Amino acid sequence: MNNFLKSLFGQTKPSADPENEAAISTAKPPSGAQDITRPLSPHLDSITSISPIRADFPQLQASCYQSVGKQRDHNEDALFIMTSMLAGNERQFPFGIYIVADGMGGHQHGEIASEIASLTMAGHLLDQVYRSQIRTNPEPPETPLREILAEGVIKAHEAILENAPGGGTTLTALLIVDNQMAIAHVGDSRVYAINKDNTLHALTRDHSLVKRLEELGQLTADEAAVHPQKNVLYRALGQGEPFEPEIITALAPEAGHLLVCSDGLWGLVPEITLGSIANTNPTLNEACQKMVAAANDAGGPDNITAILVRLP
Amino acid sequence: MHVQEDSLEDQTTTRNFNPGELEDQGSQLKPKTLLENRYLVERALGTGGMGAVYLARDSRFSVTKYVAVKEIIAQVTDAALREIMVANFEREANLLASISHAAIPKIHDFFSINNRSYVVMEYIRGKDLESIVNENKENLSVQQIAIWGIELCDVLHYLHTRSPEPIVFRDMKPSNIMVTPENHVVLVDFGIAKKFQAGQKGTMIGTEGYSPPEQYRGESSPKVDIYALGATLHHLLTSIDPRDEAPFTFAERPIRQLNPDVSIEFETIVEMALQYNADERFKDANAMKEALIQVARQGGSGYHAKGTAAIIRDYEIKPLWDFECEDEIRGSAVVQDGLLYVGAYDNNLYALDATSGQFKWKYASEGGIAGTPTYFENSIFFGSEDHRVYAINALSGRVQWSYSTDGPIRSTPAIQDRHVFIGSDDEHIHIINTTTGRRATKINAGSPVRSKPLIINDGLYFGTENGDLFFADFNGKIRWRANAKRAVTSSPSINNGVVYFGSLDGQFYAVNAQTGWPMWRFRMERGTISSPFVTDQFAYIGSADGNIYCINLQTSKEAWHFSTGHQVSSSPLLHNDAIYCGSVDNNIYCLDAKTGNLRWKFDTGGAITGSPTIANNILYIGSLNHFLYALPI
């Protein structure tokens, strides 16, 4: 509101009207913001009013790590990460794409399906979202983000049907555009927000039968952990009829970390351990390696993939 | 003697079955295979993970007698385990041989050959319900579904009352139900052997859909079948296959929204059968059957039913008072300190006693008043089609100031920090000091502004008739612009960093409030000038397609819609747990906010384009028949 008052009255002729003066004083914010120096001219004022919401430079950082695990002989997980920053006089535009795909065992071409899914989605997001920003006076894409992500999932699904028939995979794609976050999600890979107190908050919901039973209170967490069908998904790419993908759009958390990972990580390492690794390691690369190592220390029965994103 | 044509075929082409020939353990029997020197396989009727079902001829009869031969292959290498499976199979075959019901195929014979076991049973002609529901583009007859449901309850009741142990079918679903040419149902693919699954590792896919939650804990009581029958009826009534949806989400697809022909009573029966907790379902199949019989008697369709569940009480709503203006009321009222203010197309702004409807004062502008008046510190602010903005003393009705724009005003003023923000058809937003009536600034919008501006911390959002939604700072500098394809007359709302608005292009938009990036849109059948009411989870908006929509903001999908008889220009209002909204079909509606079910409606006798206002449990709504109504809620 401070900006509002400054800009409004910055343009109005100084008024001797006592009621007008009263208006200014009563509308002043109670504290804090008042001691900002008043701009000298409307021109300067307009510059302050386009300053970014976040005071510092809103730069994203990310790293990743992957392991085949200790009990498998090949890797069916695929990942893609890209972090970009466009900054100039008029804008600061942080941008990131983070994708994990976990190919399904017991199916043909699991490892091919996951790679196709990850690459198809990455290429689609670069074309539809990123390309339009690499120019002066960029405009947002005309198509809403949710539809762009949904198209990406359908494209990935079709690419698997065509190039790896019978193959199946999960696909979890996190897109960050400025303060906006969007997630496309199929299967049981996860996106977590990691809080400062090392707790994790899952942003995605597993498309898993057992998880659903647990949500309904029909299974306890302990029963779910040992349920014979705990690896059974009710949705996966490349399998069955096309379906409406799950898309989440929300504002990105103000700070902290986001973790994108396969079940080879979240199924083995307690959440609090993952949170503590993210918050205590100075470099993201180190943190990712330690997370993957923790899953291997716990037996490493599955492929392990971790992508860690530090928000500005 | 009549000789069947196919018995003339060269019998030497048939081979007795020797499983040793089958290297691949899962392979299917070829036509002409002879089993037990008696059953001549014609073709496979269907295959599954555990084997197949074949159509075969019983060669002991000289006439053509068809039988169905079901095969179960124990695909386990462990000999002991295989023996257990075969023993189980034989035990269950014996059990089935002891039962007799018109809706269960008769068992003729069974035998095992190595790891393959076979049951020979009555061949049922007809079509399975899954094919029937898939082949019907239109919904199936509700009455027919109720009758099938009764027959299915009957056979379940029979199975569940066998002694010493009830028999649980465990696999009720449309593909396991045959409808005979005589239109009776028969349960096929009897649950002789449940799929045997060793603990598998790694990510897998599986589809479920009809089974209740407790079945995954290994529980198998008759209530399992009641749930699966509920799931089957839900599939038949809605044509939505539960295997395509997340498990146990029937409650998210209310039947009557998808198929309005279904009665409340029938919907209630299916909902009860589908309760997560087995205890909350029907106590047995007979109880469910009795309930379905009641529904079938009513014809299955709710609009004939005079059930107790009908809670439409339009006859009960009587206005506390009404007030007649000299012309149409197109806008909405505002209530402050016991007084109600409303503008009319007779050019007047009226002040009435909100409790009694008694006239207090009126102020005549020189044009129609389309927007809603706004109260601020003892003054009423409104725009008129005479191009002016007025500030009127709220108690005396005397004018304090007026301010001229260069075009008619249809926008509703917003007030923030002692300034009036109002759009005009002169293509500007005017920002006017509330006390002095002097302009602070104006913002060029490029086309008429009829929506109410939305003001937040550092700027304002407003729609234009050109189809833009602008975010401007208070200097008038446009920070971003989001495009709709037609006019944005709908006033924007903001929640959690997202701006929501509707457009005449038929879309409801969600846009990032800081950057203007489009996040998602929701398509309606026609355009809208209604403004959304937004909560943390839902947005409610009317449309010219005649519907009032409730949109889930997380999924961007419709939670429900309610069809009125005409365009909905009115903006929905959420009060407690109900949505109130008017329609050009003359009615003001009260809907359950969760389900969209009608609670009551009131016919004003004239089209409603304005929006309801609620104060002290009284709803105020104006109508094009010149009247303003006060209704108790």
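The sequence lines fix the lettering, A, B, ..., with proteins before strands; numbering per chain opens at 1. Not measured: the values here are computed from a predicted model.
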Checklist line | Smallest separation among heavy atoms of B:Pro518 and A:Pro140, with atom names | finding: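 Shortest heavy-atom separation between B:Pro518 and A:Pro140 comes out as CD-CB, 3.9 Å.
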
Notebook entry, point to check: A:Arg212 and B:Tyr276: which non-hydrogen atoms are nearest, and at how many Å?
Noted result: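 Taking every non-hydrogen atom into account, NH2-OH, 4.0 Å.
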
Checklist line | B:Thr555 versus chain A, the contacting section by heavy-atom distance below 4.5 Å | finding: backbone

Notebook entry, point to check: Which answer fits B:Leu553, side chain, backbone, both or neither, if we ask what part of it has an atom under 4.5 Å from a heavy atom of chain A?
Noted result: backbone

Checklist line | Ring center gap for B:Trp517 and A:Phe93 short of 6.0 angstrom | finding: yes

Next item on the list: Side chain from CB out, backbone as N, CA, C, O: work out which of these in A:Val177 comes under 4.5 Å of a heavy atom of chain B, or both, or neither.
Entry: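 Just the side chain, heavy atoms under 4.5 Å.
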
Item checked: Under 4.5 Å from any heavy atom of chain B - which part of A:Leu251 -> side chain

Checklist line | Result of checking A:Glu147, A:Gln180, A:Arg146 against B:Met519 for side chain to side chain contact (heavy atoms under 4.5 Å, CB included) | finding: A:Gln180

Next item on the list: Check side chain to side chain donor-acceptor pair (under 3.5 Å) between A:Gln133 and all other residues, then give those that pass, not counting sequence neighbours.
Entry: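 For A:Gln133 the side chain to side chain donor-acceptor pair (under 3.5 Å) partners, ignoring immediate neighbours, are A:Arg91.
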
Notebook entry, point to check: Is it the case that more than 12 heavy atoms not belonging to B:Glu280 sit under 6.0 Å from its CD atom?
Noted result: yes

Notebook entry, point to check: Taking only residues two or more places apart in sequence, or in another chain, which ones meet A:Val68 in a side chain to side chain contact (heavy atoms under 4.5 Å, CB included)?
Noted result: A:Arg72, A:Asn75, A:Asn303

